[in-house]
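Notes to accompany the following structure.
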Amino acid sequence: MIHTSTHNQVLRLTLARAEKKNALNGEMYRTLSEQLLRAESDPDIHVVLFDAEGDSFCAGNDLSDFAAVASGAVEPQPQVRDFLHALAEGTKPYVAAVQGKAVGIGATLLLHCDLVYLAQDAQLSTPFVNLGLVPEAASSYLLPCRIGHARAFEMFAFGKSIDAATALSFGIANAVEPTHEVRETALAAAHALASRPIGALQATKKLMRDTQTLRAVMGKEIEVFSERLKSTEAMAALKAFAKRKQV
Ligand code: COA
């Protein structure tokens with residue numbers, strides 16, 4: 001459910017679970033982390049491009065997987081942690097093309113991308129508190145750094161979406177594009193980046209990111225997130241999501 005292709009030193013990772021709004025399940029996390037590690041070690045890959053099929057970029061973590069962990073039916077999935085660590089440690093530039101909804105990890109992933117192109121219909125949200133949960137992917141640190149505490153807290157606490165123009169004005173994105181053009185624009189930017197001197201690009205990205213801090217924040221978030229997942233607040237929210245189609 002992740003399509004991968006490589007062309008002119010750009011590794012394209014396409015979320016391809018459109019029928020579930022590209023919610024990430026264990027298999028998708030595993031593929032993503034494997035591909036990011038591959039990008040790190042393969043000298044023929046200079047840039048990673050994240051994009052998605054369908055009308056939404058990504059509806060976040062698969063909520064039925066969260067529910068299974070919360071109920072104790074399955075153990076927490078190591079592949080989620082592996083993906084987050086790969087994001088924190090990546091030194092090749094990441095580019096994203098985002099249409100429609102980008103929820104949870106679909107939005108926080110963008111804080112690890114170096115160039116972000118949003119479609120006019122993009123809507124970013126981080127509804128962790130709505131779910132009785134806490135931010136992940138080092139977003140408790142990265143989002144306030146990027147947009148300021150007041151705006152970040154509002155996004156976390158109320159779970160409201162911000163539209164593409166707002167995200168651009170907050171500094172989360174590089175440009176807003178017509179929806180039918182956003183993937184092509186991002187691909188062109190990825191190819192332009194791939195032709196830049198890769199050593200200097202990687203060194204620049206490394207200087208701009210404190211991997212140790214990101215890893216430390218992720219460790220703390222994962223600890224609290226795992227506790228919150230078993231809370232009555234989270235269980236009630238997950239149950240409500242599972243039931244909403246049945247009413
Ligand atoms: N996990 C599992 N399945 C999900 C999902 C998720 N995070 N998000 C969407 N889906 C599924 C829906 O259950 C539905 O499946 P079904 O057709 O088998 O019933 C399908 O994807 C389409 O979703 P739907 O809700 O009908 O689309 P929509 O356009 O009305 O709404 C969203 C899209 C993303 C706003 C809505 O699905 C949503 O809020 N999802 C949950 C987002 C979330 O809280 N993610 C976790 C953040 S930490």
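This chain uses plain numbering: 1 for the first residue, then up along the sequence. Atoms within a ligand are numbered from 1 in the order they appear, just like the ligands themselves.
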For Q212, look at atom CD and say whether over 12 heavy atoms of other residues, nucleotides or ligands are found less than 6.0 Å away. no
Any nitrogen or oxygen of S64 lying under 3.5 Å from a nitrogen or oxygen in ligand 1? Just yes or no. no
By number and element, which atoms of ligand 1 are closer than 4.0 Å to a non-hydrogen atom of A23? 1 (N), 5 (C), 6 (C), 7 (N)
With only distance considered, is A59 within less than 3.5 Å of ligand 1 through an N or O on each side? yes
Parallel, tilted or perpendicular: which one describes the rings of F225 and F128, with boundaries at 30° and 60°? perpendicular
Close-contact set for ligand 1 against F128 heavy atoms, below 4.0 Å: 48 (S)
Test ring-ring contact (aromatic ring centres under 6.0 Å, His included) applied to H85 - qualifying residues, sequence neighbours left out: none
Any side-chain donor paired with an acceptor under 3.5 Å for E221 and S140? yes
Looking only at distances, can you tell me whether any N or O atom of L63, backbone or side chain, sits closer than 3.5 Å to an N or O atom of ligand 1? yes
Report the member of N61, L24, D62 with the shortest heavy-atom distance to atom 7 (N) of ligand 1. N61
Is any side-chain heavy atom of T108 less than 4.5 Å from a side-chain heavy atom of L143? no
In ligand 1, the atoms that come under 4.0 Å of a heavy atom of L131 are 44 (O), 46 (C), 47 (C), 48 (S)
Which pairs of donor and acceptor atoms, one on a side chain in residues 64-77, lie under 3.5 Å apart (sequence neighbours left out)?
residue: S64; atom: OG; partner: D62; partner atom: OD1; Å: 2.4
residue: S71; atom: OG; partner: A67; partner atom: O; Å: 3.3
residue: S71; atom: OG; partner: A68; partner atom: O; Å: 3.0
residue: S71; atom: OG; partner: A73; partner atom: N; Å: 3.3

State the atoms of ligand 1, each with its element, that fall below the 4.0 Å cut-off from a heavy-atom position in V103. 42 (C), 43 (C), 45 (N), 47 (C)
Do V47 and L11 make a side-chain contact, defined as non-hydrogen atoms from C-beta onward lying under 4.5 Å apart? no
Return yes or no for this condition: an N or O of K101 is under 3.5 Å from an N or O of ligand 1. no
Using heavy-atom distances, let me know which of K21, E19, R244, R17 sits nearest atom 25 (O) of ligand 1. R244
